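Model, not experiment: these values are computed from the prediction.
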Amino acid sequence: MLDGHILCLIDDDAERAAVDNAFGVGRYEIDFTTTRAAIASAKGSDVPADLLLIRVQSPADGDFIRDVRQHHASDQLPIVFLVDSGAEALIEHCIACGGDDFLTVPIHGAELLARVRSQLSRARAIAASRLERERFALAVAGSSDGIWDLTLDDDSLFMSARCAELLGRSGEDAFKRLEDWLTIIHPDDVDQFQVELRNHLEGITLSLQMECRMLHKNQTYRWFLVRGTGQRNGTGKAVRIAGSLTDISERKLTDAMTGLPNRIVLYDRLNQTIVKNRRKASANFGIILLQIDRYETMREAYGQVFCDAVQKVVAQRLVGTLRTTDTLTIMGENTMCILLDVMRDDTDLVRVSHRVRAAAEEPITLGDESVLLSLSIGMAQAQAHHQSAEDLIRDATAALNKARAEGGGQEVVFDPDMQRRARDRLRIEAELHLALKREELLLLYQPIIDLNSGRLAGFEALVRWQHAQRGMISPMDFIPIAEETGLIVPIGTWVVQEACRQGRAWLDQNLNPDLFISVNVSSRQLDGPALPEIVRQSLRQSGLSPAHLKLEITESAVMRDFELTMKLLKRLKEIGVGLSLDDFGTGYSSLSLLRRLPVDTLKVDRSFVTAMTVDASGVKMVEAILQLARLFDLKVVAEGIEHEEEERLLKGLGCEFGQGWRYGKPLTVDACFELMTQQSAATKRIAR
């Protein structure tokens, strides 16, 4: 490949020979000519060569160079001229006319070759740079993104025409400085934008990337993705940053699956509606939150794709039932919201709720599968205390949670008591985290009596919460919360440890050598493999024999994951602790269940004990349970015994153990010790 095409305007034969010799053979294409007219008249793309080498001897030669320059720029056709030594005025004239470089004659081959190479390289670099700029300009013009460029030393800002267009501006009123740009960024986003920009300029982040809202010239905020990369000097200091601006409003404000407005739109419209109604005596708008019941079960059965398709069908049905003034938005997976911007009266919320439920709860068939849905619905009407969208959504969420807690398929309108109860619940949850650390939890012990002898057989350990400010908190107020949050697991661990320690302390008093302690086990404690090791360590640390500890589990807890629970119970049985099946008869009771479970005791639920004194069927039910227990060689504890008649009937049926208020309420440690002391003394008197 040739290094270049050189056109030589040289008349002298000796000089031609010197030039020819300087370039050598094969590296350059050399053409000699004496005709200047064609060269001077060539225009546009008709460039005669890569470089023009001309012998100048008079100012007219400089004028010729000027003529060539009118049609061909220096980077298109570099001009090197040969001139006599000492002709400074002619050199100056030719340079002024457009010559790029010169050599004096006689010609030195190496110097000529170096000058030509230099000019060809310069011309090619300029051409490449121009092509790059043209490509960049073409890419910018064709891109849907805007381009911006900030020079840091003078805070000057360049925004491409597309950038200005995205913001609703023209080239004339595009921003010229960063401070001007910052004025249109949403007040809630501008601080974060400046933080992200500073972090990148200081080298904390590799690039600038942030989503924020900017004020369009039509006075509406739109969402943009701002990206940029800094340019740094030799010391690493950022001197410039350039990047792009992408309008992401449609993606940001629209749910991808349904095409409906998302929660950002909801919050914006709600806030606007609140402001609009602030000057009115009473608000006339509200919201309806909706969730599909048993959504998790449907996902487990059919998968996420099926659930997405179902939600899309439901959304389409709801849109068809709404008025033109109502807005349906997607809050998230399985949560939709209807904004009733205009309400005629207080019943509008319920009326619209009935209509959307009727539409959504029609059977849905997708492929080979059909589902019948129900909705949980929470509603809240705007009140004077609702100062923001968050306030109104919070109240509607409280109503929705109550609807779900009532079993689904319910509609609930918010009332202020819900908010109070929700706050109390959150307060209890927060304080329950600290209760263990503050040693506010304690155990009370309810006696379990041997019905045949009337002697104390053991205690059931019951956890209580002695709050520093609010006094004794009922288990009904904190145990369900502990279950839901998972706090029941560390609480349950503490109960096992404390019951083992106290049981050992009582046995060391030699008051009742056969005493046992029963501890309730939560279903959450059965979810993982840790319980057997917790029990083993508690027994080892306290010194309590496994024979003196019983763990009580409910039928419902067993059936959550039967196979996993079976493995866990077998491991506990290997340790040597007793296992009781609590609330027997209220759940999944069956011969198959009793046959497989490694339990040694049944606890008859208090509802059956109470029913014994009402009619004969109650007695027969307890008798059937006792017969099942004998069939599988199980002991039986009857709970909730309060009256002598209940005790008499149970003893007559052969029930071994009983507990309830007839024998004592849950007792403190000291009261338990006193009870055991009294029984021990009575036993000694009888023995004498």
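Taking CE from Met257 and CG from Asn262, the interatomic distance works out to 12.0 Å, rounded to the nearest 0.5 Å. If you take CD1 on Ile479 and CG on Leu487, they are separated by 10.5 Å, rounding to the nearest 0.5 Å. The CG atom of Asn199 sits 11.0 Å away from the CE atom of Met210 when rounded to the nearest 0.5 Å. Rounded to the nearest 0.5 angstrom, Ile287 CD1 and Phe414 CZ are separated by 11.0 Å. Annotation: the span from Arg222 atom CZ to Leu215 atom CG amounts to 11.5 Å, rounded to 0.5 Å. Asp395 contributes atom CG, which lies 12.5 Å from atom CG of Leu400 (distance to the nearest 0.5 angstrom).
When only modelled atom types and interatomic distance are considered, Asp341 and Thr325 share no side-chain donor-acceptor pair under 3.5 Å. Counting only N and O atoms by type, the side chains of Ser370 and Thr365 include a donor and acceptor under 3.5 Å apart. At a cut-off of 3.5 Å, with distance as the only test, no side-chain donor of Gln311 or Glu333 sits close to an acceptor on the other residue. Judged purely by distance below 3.5 Å, without hydrogens or angles, the side chains of Gln209 and Arg227 never pair a donor atom with an acceptor atom. A donor-acceptor pair shorter than 3.5 Å cannot be found between the side chains of Thr485 and Glu429. For the residue pair Glu483 / Ser522, a side-chain donor-acceptor distance below 3.5 Å is found, with atom types taken as modelled.
Arg357 places no side-chain N or O within 3.5 Å of a backbone atom of Gln410 that could act as its donor or acceptor partner. With hydrogens and angles disregarded, no donor-acceptor distance shorter than 3.5 Å links the side chain of Asp268 to the backbone of Ile264. Using modelled atom types, no side-chain atom of His386 and backbone atom of Ile274 make a donor-acceptor pair closer than 3.5 Å. No donor-acceptor distance shorter than 3.5 angstrom exists from the side chain of Arg162 to the backbone of Gly146, with no hydrogens or angles considered. Between the side chain of Asn271 and the main chain of Ala389, a donor-acceptor pair closer than 3.5 Å is present. In terms of modelled atom types and a separation under 3.5 Å, the side chain of Asp477 and the main chain of Ile473 share no donor-acceptor contact. Remark: the backbone N or O of Ala430 is not paired with any side-chain donor or acceptor of His433 at under 3.5 angstrom.
Other residues, nucleotides and ligands contribute at most 12 non-hydrogen atoms within 6.0 Å of the CD atom of Glu439. Within a 6.0 Å sphere centred on CG of Leu434, other residues, nucleotides and ligands contribute more than 12 heavy atoms.
Looking at heavy atoms from C-beta onward, Asp527 lies out of side-chain contact with Leu564 at the 4.5 angstrom threshold. Considering only heavy atoms from C-beta on, Arg240 comes within 4.5 Å of Asp149 through its side chain. Residues Ile491 and Leu432 meet the side-chain proximity criterion, which asks for heavy atoms closer than 4.5 Å. Side chains of Val314 and Ile364 form a contact here, defined as non-hydrogen atoms less than 4.5 Å apart. Side-chain contact between Ile292 and Leu375: present, with at least one pair of heavy atoms (C-beta onward) separated by less than 4.5 Å. Looking at Thr565 and Val558, their side chains come closer than 4.5 Å, going by heavy atoms from C-beta outward. Contact annotation: the side chain of Ile428 approaches that of Trp465 to within less than 4.5 Å [non-hydrogen atoms, C-beta and beyond]. Gln272 has its side chain out of reach of Val275: every pair of non-hydrogen atoms, C-beta onward, lies at least 4.5 Å apart.
In this structure, Leu444 and Pro666 approach most closely via the heavy-atom pair CB-CB, 3.7 Å. Closest approach of Ile393 to Leu289, counting heavy atoms only: O-CD1, 4.2 Å. The shortest heavy-atom contact between Ile241 and Trp148 is O-CZ3, 3.5 Å. Closest non-hydrogen pair, Tyr221 versus Ile184, comes out as CE2-O, 3.8 Å. Closest approach of Ser374 to Asp293, counting heavy atoms only: OG-OD2, 2.7 Å. Nearest heavy atoms, Leu373 versus Glu361: O-CG, 3.3 Å.
Applying the side-chain hydrogen bond (donor to acceptor under 3.5 Å, both in side chains) rule to Arg470 yields the partners Glu431; only residues at least two apart in sequence or on another chain are considered. By the side-chain hydrogen bond (donor to acceptor under 3.5 Å, both in side chains) test, Glu369 is found to be paired with no residue, residues two or more places apart in sequence or in another chain being considered.
Using a 4.0 Å cut-off between a side-chain N of Lys or Arg and a carboxylate O of Asp or Glu, Arg317 and Glu362 do not qualify as a salt bridge. Salt bridge status for Asp326 with Arg323: present, with a side-chain N to carboxylate O gap under 4.0 Å. A salt bridge is defined here as a Lys NZ or Arg NE, NH1 or NH2 lying under 4.0 Å from an Asp or Glu carboxylate O, and Arg394 with Glu390 fails to meet this definition.
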Before you tell me yes or no, could you show the steps for Phe158 and Thr151 under side chain to side chain contact (heavy atoms under 4.5 Å, CB included), namely the whole-Å CA-CA distance, both residues' side-chain angles and the distance that decides it to 0.1 Å? CA-CA 9 Å; Phe158 162 79; Thr151 304; over 6 Å; no
Check the pair Val319, Leu260 against side chain to side chain contact (heavy atoms under 4.5 Å, CB included), reporting the backbone distance first and the verdict last. CA-CA 10 Å; Val319 169; Leu260 292 171; 3.9 Å; yes
In sequence, state the C-alpha distance, the side-chain angles, and the governing distance for Val463 and Leu443, and then conclude on side chain to side chain contact (heavy atoms under 4.5 Å, CB included). CA-CA 5 Å; Val463 66; Leu443 291 183; 4.0 Å; yes
Run Ile185 and Leu182 through side chain to side chain contact (heavy atoms under 4.5 Å, CB included) and show every step you take. CA-CA 5 Å; Ile185 298 178; Leu182 295 176; 4.0 Å; yes
Verdict with reasoning, Lys567 to Glu563, per salt bridge (charged side-chain N to carboxylate O under 4.0 Å, His left out): CA-CA 6 Å; Lys567 294 178 182 178; Glu563 296 303 325; over 6 Å; no
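Annotation: ring-ring contact (aromatic ring centres under 6.0 Å, His included) contacts involving residues 302-325, sequence neighbours excluded, comprise Tyr302-Phe306.
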